[in-house]
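Working notes, structure below.
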Amino acid sequence: GGTTYSWTGPNSYSASVSSPSIANATVAATGMYSVNVGDANNCQTTGTVNVTVNANPVPVVGSNSPICAGNTLNLTASGGTTYSWTGPNSYSASASSPSIANATVAATGMYSVNVGDANNCHTTGTVNVTVNANPVPVVGSNSPICAGSTLNLTASGGTTYSWTGPNSYSASVSSPSITNATVAATGMYSVNVGDANNCHTTGTVNVTVNANPVPAIFPLGPTAFCSGGSVLLDGGSYDSYQWNTSPTQSSSSIVVSESSTFDLQVWDNNGCTGTSAPITITVYPNPTPSISSMGPTSFCAGGSVLLDGGS
């Protein structure tokens with residue numbers, strides 16, 4: 001509407017073009033702007049305009065990171081009225097505080113949220129998120145073992161270990177041992193393995209403690225007899241045998257014809273061993289009789305002699 005223009009405004013603003021601009025305007029640019037408009041006749045008129053520069057929202061952005069894989073990742077934002085999230089793996093959400101259930105390591109990275117307010121002003125906030133991998137425990141044992149042996153449990157892959165098992169068993173070392181293990185130690189052992197990020201995984205191992213055989217010697221006849229006799233000693237049914245004879249014998253049964261005390265060690269199909277109670281065999285010597293004549297052993301017909309057989 002004129003040929004000359006002279007603008008004034010907040011913060012000592014001035015300009016001499018018809019339509020000036022203020023780049024990167026701040027809230028301080030809010031206020032009344034006046035323009036003096038002159039024409040070719042040097043006639044002048046002043047016009048005014050009220051300007052509002054709204055503050056942008058100030059988002060407060062966060063998360064519960066770091067977390068362990070499998071947990072829920074919670075993202076949080078406030079300070080606006082609308083929210084638009086983006087993140088790794090093409091993630092998007094439009095809630096102020098969305099969650100990612102059962103988060104994986106792939107959810108690690110930078111999340112951005114565009115926060116808008118009632119004036120349609122927008123600010124972007126970001127948060128870095130870490131989803132740590134859980135430890136991968138390697139769990140084992142020296143099972144199966146025989147009762148009375150040492151049970152060795154083993155675990156690796158972490159920095160802390162918490163074992164539980166049968167009979168209220170517990171231990172807090174990576175590879176504990178149970179000395180003189182009994183059959184009652186048979187069962188499932190669990191170990192909770194933690195790492196430096198306080199992430200945890202549970203591993204398990206099944207353990208078997210086999211009972212030892214309890215052999216007995218069965219004599220198939222009297223255990224006391226006269227010289228020249230014998231008795232069969234039977235050791236029952238096992239995988240292998242060792243009698244304390246000289247030399248040793250490895251059959252399930254033996255024939256004995258001399259005085260001695262015998263025991264038997266056996267092994268079953270689990271490789272477990274046991275020794276029987278001893279059995280004593282007694283062999284009596286046979287008597288050696290002699291005949292004593294109570295007179296001459298040569299005499300005439302009609303005579304006699306007394307022969308004595310002893311006692």
| remark: When rounded to the nearest 0.5 Å, the distance separating OG1 of Thr164 from CG of Asn192 is 8.5 Å

| said: I'd like to know if the side chain of Thr123 and the backbone of Val58 have a donor-acceptor N/O pair within less than 3.5 Å. | reply: no

| Just how far is it from atom CG of Asp308 to atom OG of Ser290, taken to the nearest 0.5 Å? | 8.5 Å

| request: Say whether Leu220 and Val255 are linked into one hydrophobic cluster, either directly or through other cluster members, by side-chain heavy-atom distances under 4.5 angstrom. | output: yes

| query | Within a strict 4.5 Å, meaning less than it, do heavy atoms of the Trp243 and Ile217 side chains meet? | reply | yes

| remark: In terms of heavy-atom contacts, Pro57 and Gly79 come closest through CB-O, 3.4 Å

| query | Is there side-chain contact between Thr223 and Thr282, with at least one heavy-atom pair below 4.5 Å? | reply | no

| Do the non-hydrogen side-chain atoms of Thr273 and Tyr238 ever get within less than 4.5 Å of each other? | no

| Any pair counted as side-chain hydrogen bond (donor to acceptor under 3.5 Å, both in side chains), so long as it reaches residues 168-186, sequence neighbours left out | Asn152-Ser177

| Can you tell me if Thr81 uses its side chain to pair, donor with acceptor, with the backbone of Gly116 under 3.5 Å? | yes

| note | Closest non-hydrogen contact found for Ser257 with Gly229 is CB-O, 3.4 Å

| query | Looking only at heavy atoms, what is the nearest atom pair of Ala185 and Val207, with distance? | reply | O-CG1, 4.0 Å

| CG/Asn142 to CG/Leu153 distance, rounded to the nearest 0.5 angstrom? | 8.0 Å

| field | Ile279 side chain near Pro219 side chain, heavy-atom distance below 4.5 Å | value | yes

| said: Between Asn212 and Ala147 (side chain of the first, backbone of the second, donor and acceptor by atom type, cut-off under 3.5 Å), is there such a pair? | reply: yes

| query | With side chains defined as the heavy atoms from C-beta onward, is the minimum distance between Ile281 and Ser260 less than 4.5 Å? | reply | no

| Distance from Thr3 atom OG1 to Asn41 atom CG, nearest 0.5 Å? | 9.0 Å

| task | Compare all side-chain heavy atoms of Val183 with those of Asn210 and state whether any distance is below 4.5 angstrom. | result | no

| query | Which value, rounded to the nearest 0.5 Å, describes the distance between Trp163 atom CH2 and Thr204 atom OG1? | reply | 9.0 Å

| Hey, does the side chain of Ser293 reach the backbone of Gly295 with a donor-acceptor pair shorter than 3.5 angstrom? | yes

| remark: Residues Ser97 and Ala77: closest non-hydrogen pair is OG-N, 3.6 Å

| query | Does any non-hydrogen side-chain atom of Tyr161 lie less than 4.5 Å from one of Val173? | reply | no

| query | Looking only at side chains, do Asn74 and Ser99 share a donor and an acceptor under 3.5 Å apart? | reply | yes

| query | Counting distance only, does the side-chain N/O of Thr76 pair as donor-acceptor with the main-chain N or O of Gly62 below 3.5 Å? | reply | yes

| message | Please give me the minimum heavy-atom distance between Asp195 and Ala133, naming the atom from each residue. | response | OD2-O, 3.6 Å

| message | Go through it in stages, so that I can follow the logic: the residues are Trp267 and Gln242, the test is side chain to side chain contact (heavy atoms under 4.5 Å, CB included), and I'd like the CA-CA distance, side-chain angles, deciding distance and then a yes or no. | response | CA-CA 9 Å; Trp267 289 263; Gln242 182 172 295; 3.9 Å; yes

| query | Are Pro213 and Cys272 close enough that some pair of their side-chain heavy atoms sits under 4.5 Å apart? | reply | yes

| query | When rounded to the nearest 0.5 angstrom, what is the spacing between CG in Asn119 and OG1 in Thr52? | reply | 9.0 Å

| task | Carefully, step by step, assess Thr202 and Val191 under the rule side chain to side chain contact (heavy atoms under 4.5 Å, CB included). | result | CA-CA 5 Å; Thr202 297; Val191 57; over 6 Å; no

| task | Using side-chain contact (heavy atoms from CB on, under 4.5 Å) as the criterion, point out the one residue from Leu264, Val256, Ile254 that pairs with Thr245. | result | Ile254

| task | Decide yes or no on side chain to side chain contact (heavy atoms under 4.5 Å, CB included) for Thr160 and Val193, but give the supporting numbers first. | result | CA-CA 6 Å; Thr160 64; Val193 179; over 6 Å; no

| Verdict with reasoning, Ile22 to Tyr33, per side chain to side chain contact (heavy atoms under 4.5 Å, CB included) | CA-CA 12 Å; Ile22 301 175; Tyr33 288 79; 3.7 Å; yes

| Which pair of non-hydrogen atoms, one from Pro166 and one from Ala184, has the smallest distance, and what is that distance? | CB-O, 3.9 Å

| query | Would Val49 end up clustered with Met32 when hydrophobic side chains under 4.5 Å apart are linked, directly or stepwise? | reply | no

| task | Give a yes or no on whether the backbone of Ile67 and the side-chain of Ser65 come within a donor-acceptor separation of less than 3.5 Å. | result | no

